[in-house]
Amino acid sequence: MKTHRAVRTPGGLSLRVDVRTLVVGTLLLLVALTASVVLIGTGDFPIPAADVVRTLLGEGDPGQEFIVTELRLPRVLVGLLVGASLGLAGALFQSISRNPLGSPDVLGLGQGATAGALVVIVLFSGTANQVALGALVGGLATGFAIYLLAWKRGVHGYRLVLVGIGVSAVVTAVNGYLLTKSDIVDAARAIVWMTGSLDGRDWDQVWPLLALCAILVPLVLANSRGLRMMEMGDDVSYALGVRVERVRLVLMLSAVLLTAAATAASGPVGFVALTAPQLARRLTRSPGPNLMSAMCMGAALLVSADWISQRAFGAGQLPVGVVTGVLGGVYLLWLLVTERRAGRI
């Protein structure tokens with residue numbers, strides 16, 4: 001059975017479409033949207049899914065419209081955007097490093113964003129917007145440091161991962177030091193933020209993240225061909241006309257920005273960037289970077305985890321970062337057992 005089909009547009013442009021990848025991506029998107037509708041209807045005032053859809057289409061009563069559009073929809077949109085951003089960033093880093101562990105969680109970008117937020121909380125007692133800005137700056141600074149330290153006539157996979165692990169350890173120690181120097185109120189506030197949560201998110205977090213995704217996602221997709229070529233090695237990519245270092249720098253910067261912005265919006269939500277690309281690759285059975293599938297998988301994972309946290313423990317009682325951490329840990333254990341049985345580790 002053929003899994004690839006060529007599609008020709010009226011303008012003469014020819015595209016090769018992987019049918020399985022398209023089907024998987026569509027199904028994951030439907031799962032994310034369905035989970036979003038169910039999540040919007042979940043809470044102290046339950047709303048049936050049909051009423052949620054009617055309200056989103058502008059046909060609900062005033063009470064439902066206020067609850068849906070002002071209280072619950074922004075939280076769900078932040079969850080979708082954060083999950084998609086982390087899934088895409090994880091796919092980029094894993095493809096660039098050619099290593100399944102090359103995700104923002106392992107490379108220390110989440111810890112760097114946490115350090116920036118902690119500086120604002122502990123040293124300046126900043127507002128929520130200032131904490132988000134601090135997280136963004138901290139993530140960017142950490143990504144820049146990793147790139148410089150990993151540079152040696154280019155940035156290569158294992159060196160990038162090893163440098164990231166080292167930077168992560170250093171930044172984690174700095175975060176611990178900042179917590180020990182803070183007073184009890186700031187420390188409690190910092191711990192809540194460090195867990196990763198969607199509770200209390202509103203439109204102020206939606207618009208900046210949506211604008212950034214609107215810029216970066218097309219930029220990443222425009223360089224996806226070069227990324228696919230780079231998976232065959234730098235020498236082959238150069239021979240095929242890919243400007244390797246330029247493409248790598250653009251994609252790494254995009255991944256760092258996506259991770260930092262997602263962390264600024266929700267706190268450091270663990271394991272989504274690590275697991276979403278791998279799960280998407282297993283479903284699509286495609287060796288490529290699977291960027292769109294990873295985005296849809298990340299969005300579906302995070303919104304589903306938020307629904308689990310609300311249904312199992314009540315809204316606001318268990319941060320979504322705890323749920324993703326548990327699910328991600330189970331996935332890693334399963335992956336290690338599977339790889340060991342296959343004789344690969």
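Both backbone and side-chain heavy atoms feed into the values below; hydrogens, waters and symmetry mates do not.
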Under 3.5 Å, is there a donor-acceptor pair between the N175 and T114 side chains?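 No - no donor-acceptor pair under 3.5 Å links their side chains.
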Could you check whether any side-chain heavy atom of [X] comes within less than 4.5 Å of a side-chain heavy atom of [Y], counting everything from C-beta outward?
| X | Y | answer |
| --- | --- | --- |
| L227 | L291 | yes |
| V220 | L251 | yes |
| M292 | L29 | no |
| L77 | W203 | yes |
| L27 | V23 | yes |
| N129 | L133 | no |
| S254 | L219 | yes |
| Y147 | L160 | no |

side-chain contact (heavy atoms from CB on, under 4.5 Å) partners for D202, two or more places apart: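 Partners of D202 by the side-chain contact (heavy atoms from CB on, under 4.5 Å) criterion, ordered by chain and then number, come out as D204, Q205.
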Looking only at heavy atoms, which two atoms of [X] and [Y] are closest? And how far apart?
| X | Y | value |
| --- | --- | --- |
| C213 | L81 | SG-CD2, 4.4 Å |
| R20 | T284 | CD-O, 3.2 Å |
| V38 | T42 | O-OG1, 2.8 Å |
| G321 | T324 | O-OG1, 3.0 Å |
| Q64 | D61 | N-OD1, 2.7 Å |
| D186 | S182 | CB-CB, 4.2 Å |

Rounded at 0.5 Å granularity, tell me how far [atom1] in [X] sits from [atom2] in [Y].
| X | Y | atom1 | atom2 | value |
| --- | --- | --- | --- | --- |
| T69 | L56 | OG1 | CG | 8.5 Å |
| F93 | D105 | CZ | CG | 11.0 Å |
| I67 | L71 | CD1 | CG | 6.5 Å |
| L39 | L80 | CG | CG | 9.0 Å |
| I40 | T55 | CD1 | OG1 | 9.5 Å |

Co-membership, hydrophobic cluster, residues [X] and [Y], 4.5 Å side-chain:
| X | Y | result |
| --- | --- | --- |
| L109 | L253 | yes |
| V52 | L57 | yes |
| I215 | W207 | no |
| L86 | V322 | yes |
| L33 | V37 | no |

Show me, pair by pair, the donor-acceptor contacts under 3.5 angstrom made by side chains of residues 257-280, not counting sequence neighbours?
from : atom 1 : to   : atom 2 : distance (Å)
T259 : OG1    : A255 : O      : 2.9
T263 : OG1    : T259 : O      : 2.8
S266 : OG     : A262 : O      : 3.1
T275 : OG1    : F271 : O      : 2.7
Q278 : NE2    : Q94  : OE1    : 2.7

Hydrophobic cluster of M194, others only, ordered by chain and residue number, side-chain cut-off 4.5 Å: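 The other cluster members (ILVMFWY side chains, heavy atoms under 4.5 Å, direct or chained) are L118, V119, V120, I121, V122, L123, F124, V131, V174, L178, L179, I191, W193.
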Apart from V185 itself, what residues make up its hydrophobic cluster, given side-chain heavy atom links below 4.5 Å?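 In the cluster with V185 are I184.
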For residues 293-305, please give each side-chain donor-acceptor pair under 3.5 Å, one per line with the distance, not counting sequence neighbours.
from : atom 1 : to   : atom 2 : distance (Å)
S304 : OG     : A300 : O      : 2.7

Given I165 and L107, is the side chain to side chain contact (heavy atoms under 4.5 Å, CB included) satisfied, shown in steps? CA-CA 5 Å; I165 292 174; L107 297 179; 5.9 Å; no
Does the S95 side chain pair with the main chain of L92, one donor and one acceptor, at a distance under 3.5 Å?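 Side chain of S95 to backbone of L92, a donor-acceptor pair under 3.5 Å: no, none is there.
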Against D306, only a single residue in R201, R75, R72 fulfils salt bridge (Lys or Arg N to Asp or Glu O under 4.0 Å); can you say which?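 That would be R75.
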Applying side chain to side chain donor-acceptor pair (under 3.5 Å), can you list everything that pairs with S168, at least two apart in sequence or on another chain?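 Applying side chain to side chain donor-acceptor pair (under 3.5 Å) to S168 gives Q111.
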